[in-house]
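All of these numbers come straight from a predicted model, not from anything done at the bench.
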Amino acid sequence: AAWRALAVAQGSSAPLVDVPEIDPVTGTLRSLPQSPTAALRIPFVGALGTTQMTEDEEREALRRFIAENVLLLGVEAADLSLVEHTKSDAGVTVARYRQNPFDVPLRGDYGRLEIAYAADRRVVSLTNTTIPDTTAQLGRALTGAKTLKAEEVTRTLVGRSVAYTDREGRPQTRAVTSADEISLREVVVYPVRNESAAPSLALHLAWEVVVWQDAPVLLYLDAVTGAQLAAAPAPAS
């Protein structure tokens with residue numbers, strides 16, 4: 001219904017046929033149809049009599065676009081931080097946002113919004129993995145949970161084997177042999193998707209940890225139970 005209302009507001013009937021991709025877990029728009037006739041536009045907020053927007057005006061236009069499409073995107077503009085706003089040589093501008101609904105950072109594959117738009121303000125692509133319904137009550141429940149202390153995490157990791165997939169896609173298992181191989185970062189919220197008959201998303205408080213220095217692996221441990229949630233080669237710094 002929100003998609004159809006947006007189509008009418010933007011003067012296009014094509015999106016009634018070209019249905020966007022809806023995430024089966026969050027129920028929000030994940031990406032736009034590829035049909036050029038289903039294109040959306042960010043609003044124009046430049047000065048009267050002008051045809052070009054300044055960078056600040058473009059950011060305000062994006063904020064309004066997000067605010068006007070809360071039902072589709074599942075996130076309030078106030079819960080997003082703009083982390084990148086760059087223009088390519090081809091004239092396409094990309095705005096990347098991170099969702100920050102809790103007192104601690106949100107990690108993993110969720111909580112991201114990317115909007116790419118052309119010089120004529122046409123949205124050429126949109127990808128969205130934000131999480132809806134992140135209420136203050138949920139945030140308090142998460143951050144109020146009793147978590148393992150840093151020394152407890154280190155103690156449980158020494159001697160443990162960590163399974164992960166390397167950059168070439170090969171499964172690996174390696175043991176943590178000493179505390180010197182462990183670098184604790186911070187407690188975060190880490191979403192884990194359950195791909196069952198009824199897909200769901202579980203939000204975990206997690207310790208973000210880097211193990212090993214020669215081939216660093218980024219590890220997420222449940223901050224309450226100490227169970228491994230995810231592990232992958234650490235991004236290059």
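Under the 4.5 Å side-chain contact rule for hydrophobic residues, Phe65 and Val45 share a cluster. One hydrophobic cluster, built from ILVMFWY side chains closer than 4.5 Å, holds both Val217 and Val209. Hydrophobic clustering of Ile, Leu, Val, Met, Phe, Trp and Tyr side chains at less than 4.5 Å, counting indirect connections, keeps Val188 apart from Leu219. Put simply, Val189 and Val153 are part of the same group of oily side chains (I, L, V, M, F, W, Y) that touch within less than 4.5 Å, one to the next. Placement of Leu71 and Leu32 in two distinct hydrophobic clusters is found when ILVMFWY residues are connected by side-chain heavy-atom separations under 4.5 Å, directly or transitively.
The structure places CZ of Arg121 at 12.5 Å from OG1 of Thr93, a figure rounded to the nearest 0.5 Å. Taking CD1 from Ile42 and CD from Glu68, the interatomic distance works out to 11.0 Å, rounded to the nearest 0.5 Å. Atom CG of residue Asp23 and atom OG of residue Ser31 lie 10.0 Å apart, to the nearest 0.5 angstrom. In this structure, CG on Leu221 lies 12.5 Å from OG1 on Thr147, to the nearest 0.5 angstrom. In this structure, CG in Leu148 is found 9.0 Å from CH2 in Trp207, a value given to the nearest 0.5 Å. Interatomic distance, Thr26 OG1 to Asn128 CG, rounded to the nearest 0.5 Å: 7.0 Å.
Residues Glu152 and Thr156 have side chains that never bring a donor and an acceptor to within less than 3.5 angstrom of each other. Looking only at atom types and distance, the side chain of Tyr220 has no donor-acceptor partner in the side chain of Gln228 under 3.5 Å away. For Gln99 and Tyr110, the side-chain atoms include no donor-acceptor pair closer than 3.5 Å.
Looking at residues two or more places apart in sequence or on another chain, you find a salt bridge (Lys or Arg N to Asp or Glu O under 4.0 Å) between Arg96 and Glu84, Glu114. For Val210, the side chain to side chain contact (heavy atoms under 4.5 Å, CB included) test picks out Ser183, Arg185, Pro216, Leu218, with sequence neighbours left out. Residues passing the side-chain hydrogen bond (donor to acceptor under 3.5 Å, both in side chains) test with Glu55 are Arg59, sequence neighbours excluded. For Tyr97, there are no ring pair (Phe, Tyr, Trp, His ring centres under 6.0 Å) partners at least two apart in sequence or on another chain. Scored by the salt bridge (Lys or Arg N to Asp or Glu O under 4.0 Å) test, Arg64 finds Glu60 as partners (sequence neighbours excluded). The side chain to side chain contact (heavy atoms under 4.5 Å, CB included) search around Pro233 returns Tyr164, Arg167, not counting sequence neighbours. Arg98 meets the salt bridge (Lys or Arg N to Asp or Glu O under 4.0 Å) test with no other residue; sequence neighbours excluded. Contacts of Thr54 classified as side chain to side chain contact (heavy atoms under 4.5 Å, CB included), with partners at least two apart in sequence or in another chain: Asp56, Glu57. With sequence neighbours left out, the side chain to side chain contact (heavy atoms under 4.5 Å, CB included) criterion links Ala232 to no other residue.
The shortest side-chain heavy-atom distance between Ile115 and Val123 falls under the 4.5 Å cut-off. Annotation: side chain of Asn194 is not in contact with side chain of Leu201 (no heavy-atom distance under 4.5 Å). With a 4.5 Å cut-off on side-chain heavy atoms, Glu208 and Arg107 count as touching. You'll find the side chain of Leu126 reaches within 4.5 Å of the side chain of Leu29, heavy atoms only. In this structure, the side chains of Val162 and Thr173 stay at 4.5 Å or more apart for every pair of heavy atoms. Counting only heavy atoms from C-beta outward, the side chains of Arg41 and Asp120 approach each other to under 4.5 Å. Here the side chains of Pro101 and Ile131 are not in contact, with every heavy-atom distance at 4.5 Å or above. Side chains of Tyr117 and Glu58 form a contact here, defined as non-hydrogen atoms less than 4.5 Å apart.
Under 4.0 Å is where a charged nitrogen must lie from a carboxylate oxygen, and between Arg193 and Asp109 no such pair does. A salt bridge links Arg170 with Glu168; the closest basic N to acidic carboxylate O contact falls under 4.0 Å.
Of all heavy-atom pairs between Gly46 and Met53, the closest is N-CG, 3.9 Å. Heavy-atom minimum distance, Ala163 versus Ala231: O-CB, 3.7 Å. Annotation for Ala206 and Leu229: closest pair CB-CD1, 3.8 Å, computed over non-hydrogen atoms. Of all non-hydrogen atoms in Val158 and Thr177, the two that sit nearest each other are CG1-O, 3.8 Å. When every heavy atom of Ala61 is checked against every heavy atom of Pro43, the shortest pair comes out as CB-O, 3.2 Å. Taking both residues in full, the closest heavy atoms of Ser200 and Val25 are given as C-CG1, 3.8 Å, listed atom of the first, atom of the second, then distance.
Counted within 6.0 Å of CD on Glu151, heavy atoms from surrounding residues, nucleotides or ligands total more than 12; the atom is thus considered enclosed.
The hydrophobic side chain of Val70 is isolated, with no ILVMFWY side chain under 4.5 Å apart from it.
Distance alone, capped at 3.5 Å, is enough to place a donor-acceptor pair between the Ser88 side chain and the Val92 backbone.
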Intermediate values then yes/no, side chain to side chain contact (heavy atoms under 4.5 Å, CB included), Ile22 and Arg30:
CA-CA 5 Å; Ile22 302 298; Arg30 191 173 180 93; over 6 Å; no
- Task: Evaluate the side chain to side chain contact (heavy atoms under 4.5 Å, CB included) criterion for residues Leu203 and Tyr190: first the C-alpha distance (whole Å), next the side-chain angles of each, then the deciding distance (0.1 Å), finally the verdict.
- Result: CA-CA 6 Å; Leu203 302 180; Tyr190 193 89; over 6 Å; no
Dump the intermediate steps for side chain to side chain contact (heavy atoms under 4.5 Å, CB included) on Thr129 and Arg112, then the final yes or no.
CA-CA 5 Å; Thr129 61; Arg112 302 178 187 183; 3.6 Å; yes
Donor-acceptor contacts, no H, no angles, side chain residues 73-83, under 3.5 Å, sequence neighbours left out:
unit_1	atom_1	unit_2	atom_2	d
Ser81	OG	Asn100	ND2	2.7

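For residues 211-229, the set of pairs meeting the salt bridge (charged side-chain N to carboxylate O under 4.0 Å, His left out) definition, not counting sequence neighbours, comprises Arg174-Asp214.
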